[in-house]
Amino acid sequence: MSKIAMIFAGQGSQAVGMGKDFYENSELAREMFEKAGERIGVDFKALIFEENEKLNETAYTQPAILLVQMIAYKLFKEVCPDTKAELFLGHSLGEFSALCASGAIDYVDAVELVHKRGSFMQEACNEIEAGMMAIVGLDDDAVEKICADAQAEGKKVWPANYNQDGQLVVAGLKPDLASLEQTFKDAGAKRALLLNMSVASHCDLLSPAVEKLGAIMETMVNDSFEAPIISNVTTQPYSSKEEAIKLLKEQLTSPVKYKQSIEAVAGNLDMAIEFGNGVVLKGLNRRIAKDLTTLNISDMASLEKVKEEICS
């Protein structure tokens with residue numbers, strides 16, 4: 001039996017029309033859209049299939065992405081019921097999809113949980129100019145030193161997402177990030193791009209959201225894990241409710257170590273399958289661990305392709 005990681009992307013992977021092929025061709029997908037919408041009072045068809053601003057608002061982006069990912073995963077489990085995960089892994093928001101796929105939280109509860117997570121994140125940043133900046137072409141040590149030097153001067157900037165070698169996202173106050181653009185470039189960065197975001201993920205600015213998230217998780221998460229989940233915070237596996245709550249609370253204010261996580265597990269895997277819209281993680285994996293084959297399931301055609309490749 002192949003050792004397979006089931007993996008899930010985070011915010012930024014959303015697109016209008018994602019999951020539509022599933023919706024049009026699967027009764028299960030339509031049922032999941034309906035139940036998720038009823039839980040949080042959102043018309044997911046309108047949110048995801050029609051052009052609108054809400055899809056890019058974090059409180060709605062997060063449940064939309066998770067819903068499509070869980071539809072892809074559940075349809076895969078229908079056609080490949082005997083294929084088991086060696087581990088689950090997600091990037092930021094994707095770790096909540098990983099938790100759901102593992103069996104530790106029901107998908108409808110997970111939709112509500114990340115809807116509230118997104119709201120808490122936005123609330124924490126409402127009164128401040130929060131943002132994120134992508135740094136391309138600079139090694140981790142250089143980015144970390146620039147952030148540490150800036151913090152010593154009283155600026156609020158932190159490394160937030162370790163995506164791959166030469167690609168690190170930093171978070172903090174927008175004026176502080178903007179003031180460092182030339183500093184990053186002078187250090188050798190090819191790009192230092194302020195992202196179109198109104199939250200500063202994975203840094204101390206989200207501290208007000210931590211306990212609120214933990215309180216809701218306490219009522220929703222259980223101890224039924226099909227396989228371990230790799231923590232964004234520690235790069236280590238966990239498989240208990242207590243650890244999940246502790247680590248996913250910490251994840252709000254700690255950097256996402258996606259690159260380090262893939263490096264830690266790739267040697268023990270035969271392949272990874274990315275569920276949901278796009279191929280964000282497939283692209284990162286190709287550059288982090290070139291020997292790790294990554295498949296993706298984003299529509300019925302790719303589902304059929306994966307079925308033929310690993311389940312026939």
Could you check Lys259 against Asp165 for salt bridge (charged side-chain N to carboxylate O under 4.0 Å, His left out), going step by step and ending with a plain yes or no? CA-CA 8 Å; Lys259 177 185 74 170; Asp165 284 342; 3.0 Å; yes

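- Among all heavy-atom pairs drawn from Leu168 and Ala160, the shortest one is CD2-N, 4.1 Å.
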Would Gln69 and Ser97 satisfy side-chain hydrogen bond (donor to acceptor under 3.5 Å, both in side chains), going step by step from the backbone distance to the final call? CA-CA 7 Å; Gln69 289 175 342; Ser97 295; 2.5 Å; yes

Verify salt bridge (charged side-chain N to carboxylate O under 4.0 Å, His left out) between Lys35 and Glu31, making sure each step is shown before the conclusion. CA-CA 6 Å; Lys35 286 186 176 178; Glu31 180 184 305; 3.4 Å; yes

Run the side-chain hydrogen bond (donor to acceptor under 3.5 Å, both in side chains) test on Asn285 and Tyr258 for me, step by step, so that the C-alpha distance in whole Å, both residues' side-chain angles and the decisive distance to 0.1 Å come before the verdict. CA-CA 10 Å; Asn285 289 358; Tyr258 183 79; 2.6 Å; yes

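- Listed for the Glu129 side chain is no donor-acceptor partner under 3.5 Å among the backbone atoms of Pro175.
- Taking 4.5 Å as the limit, every side-chain heavy atom of Lys77 sits out of range of all side-chain heavy atoms of Lys74.
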Starting from the C-alpha separation in whole Å, work towards a yes-or-no answer on side-chain hydrogen bond (donor to acceptor under 3.5 Å, both in side chains) for His91 and Asn163. CA-CA 9 Å; His91 185 296; Asn163 292 330; 2.7 Å; yes

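- Partners of Lys84 under the salt bridge (charged side-chain N to carboxylate O under 4.0 Å, His left out) rule, at least two apart in sequence or in another chain, do not exist in this structure.
- Proximity of Val111 to Val108: side-chain heavy atoms (C-beta onward) are nowhere separated by under 4.5 Å.
- Contact between Lys174 and Ala130 at its shortest, heavy atoms only, is CE-O, 3.1 Å.
- Between the side chain of Thr61 and the main chain of Leu55, a donor-acceptor pair closer than 3.5 Å is present.
- Annotation: disulfide bond (SG atoms under 2.5 Å apart) contacts involving residues 226-255, sequence neighbours excluded, are absent.
- Using a 4.5 Å heavy-atom threshold, the side chains of Ser261 and Leu89 count as touching.
- Summarising the geometry, atom CG belonging to Asn277 is positioned 6.5 Å from atom OG belonging to Ser298; distances are rounded to the nearest 0.5 Å.
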Show every donor-acceptor pair shorter than 3.5 Å between a side-chain atom in residues 7-19 and any protein atom, with sequence neighbours excluded, or say none if there are none.
residue : atom : partner : partner atom : Å
Gln11   : OE1  : Thr58   : OG1          : 3.1
Gln11   : OE1  : Gln62   : NE2          : 3.1
Gln11   : NE2  : Thr58   : OG1          : 3.2
Ser13   : OG   : Gly10   : O            : 2.8
Gln14   : OE1  : Gly12   : N            : 2.7
Gln14   : NE2  : Asn56   : OD1          : 3.0

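- At a threshold of 4.5 Å between side-chain heavy atoms, the hydrophobic network of Ile, Leu, Val, Met, Phe, Trp and Tyr places Ile146 and Leu177 in one connected group.
- Across all their heavy atoms, Leu67 and Ala36 have their closest contact at CD1-CB, 3.9 Å.
- Note that the CD atom of Glu78 and the CG atom of Leu28 stand 5.0 Å from one another [nearest 0.5 Å].
- Side-chain contact between Ile229 and Glu95 is present, with heavy atoms from C-beta onward closer than 4.5 Å.
- Here the closest non-hydrogen pair linking Gly188 and Leu138 is C-CD1, 3.8 Å.
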I'd like to know whether Lys145 forms a salt bridge (charged side-chain N to carboxylate O under 4.0 Å, His left out) with Asp149, so could you lay out the CA-CA distance, the side-chain angles of the two residues, the decisive distance to 0.1 Å, and finally the verdict. CA-CA 6 Å; Lys145 184 178 188 310; Asp149 290 347; 2.8 Å; yes

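- Scanning for disulfide bond (SG atoms under 2.5 Å apart) contacts around Cys80 gives Cys311, with sequence neighbours left out.
- The stretch residues 195-281 participates, sequence neighbours left out, in no disulfide bond (SG atoms under 2.5 Å apart) pair at all.
- Under a hydrophobic clustering in which Ile, Leu, Val, Met, Phe, Trp and Tyr are joined whenever their side-chain heavy atoms come within less than 4.5 Å, directly or via other members, Tyr60 and Ile40 fall into the same cluster.
- A 4.5 Å side-chain heavy-atom check between Ile310 and Met271 finds at least one atom pair inside the cut-off.
- Residues Val280 and Glu274 come closest through the heavy atom pair N-OE2, 3.3 Å.
- For Asp223, the salt bridge (charged side-chain N to carboxylate O under 4.0 Å, His left out) test picks out no residue, with sequence neighbours left out.
- Met220 and Phe120 end up in the same hydrophobic cluster when Ile, Leu, Val, Met, Phe, Trp and Tyr side chains are linked at under 4.5 Å.
- No donor-acceptor pair under 3.5 Å is formed between the side chain of Asp176 and the backbone N or O of Lys155.
- One hydrophobic cluster, built from ILVMFWY side chains closer than 4.5 Å, cannot hold both Phe96 and Val256; they sit in different ones.
- Between the side chain of Gln122 and the backbone N or O of Ala59 there is no donor-acceptor pair closer than 3.5 Å.
- Annotation for Leu247 and Val233: closest pair O-CG2, 3.7 Å, computed over non-hydrogen atoms.
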Got a list of side-chain donor-acceptor pairs under 3.5 Å for residues 41-49, not counting sequence neighbours?
residue : atom : partner : partner atom : Å
Asp43   : OD1  : Lys45   : N            : 3.1
Asp43   : OD1  : Ala46   : N            : 3.2

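- Here Asp109 pairs with Arg39 under the side chain to side chain donor-acceptor pair (under 3.5 Å) rule; sequence neighbours left out.
- Partners of Arg30 according to the salt bridge (charged side-chain N to carboxylate O under 4.0 Å, His left out) rule, which considers only residues two or more places apart in sequence or in another chain, are Glu27.
- Applying the disulfide bond (SG atoms under 2.5 Å apart) test to every pair with at least one member in residues 113-156, sequence neighbours left out, gives no pairs at all.
- A heavy-atom distance below 4.5 Å is not found between the side chains of Phe275 and Val306.
- Counting only heavy atoms from C-beta outward, the side chains of Glu86 and Ile4 never approach each other to under 4.5 Å.
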Would you sort out whether Thr183 and Asp186 count as a side-chain hydrogen bond (donor to acceptor under 3.5 Å, both in side chains), showing the intermediate values? CA-CA 5 Å; Thr183 306; Asp186 290 345; 5.7 Å; no

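- Taking the salt bridge (charged side-chain N to carboxylate O under 4.0 Å, His left out) definition, one finds that Lys241 meets it with Glu218, sequence neighbours left out.
- Side-chain contact between Leu75 and Val79 is absent, with no heavy-atom pair separated by less than 4.5 Å.
- Here the side chain of Gln151 pairs a donor or acceptor atom with the backbone of Val157 at under 3.5 angstrom.
- Residues that satisfy the side chain to side chain donor-acceptor pair (under 3.5 Å) test with Lys116, not counting sequence neighbours, are Glu112.
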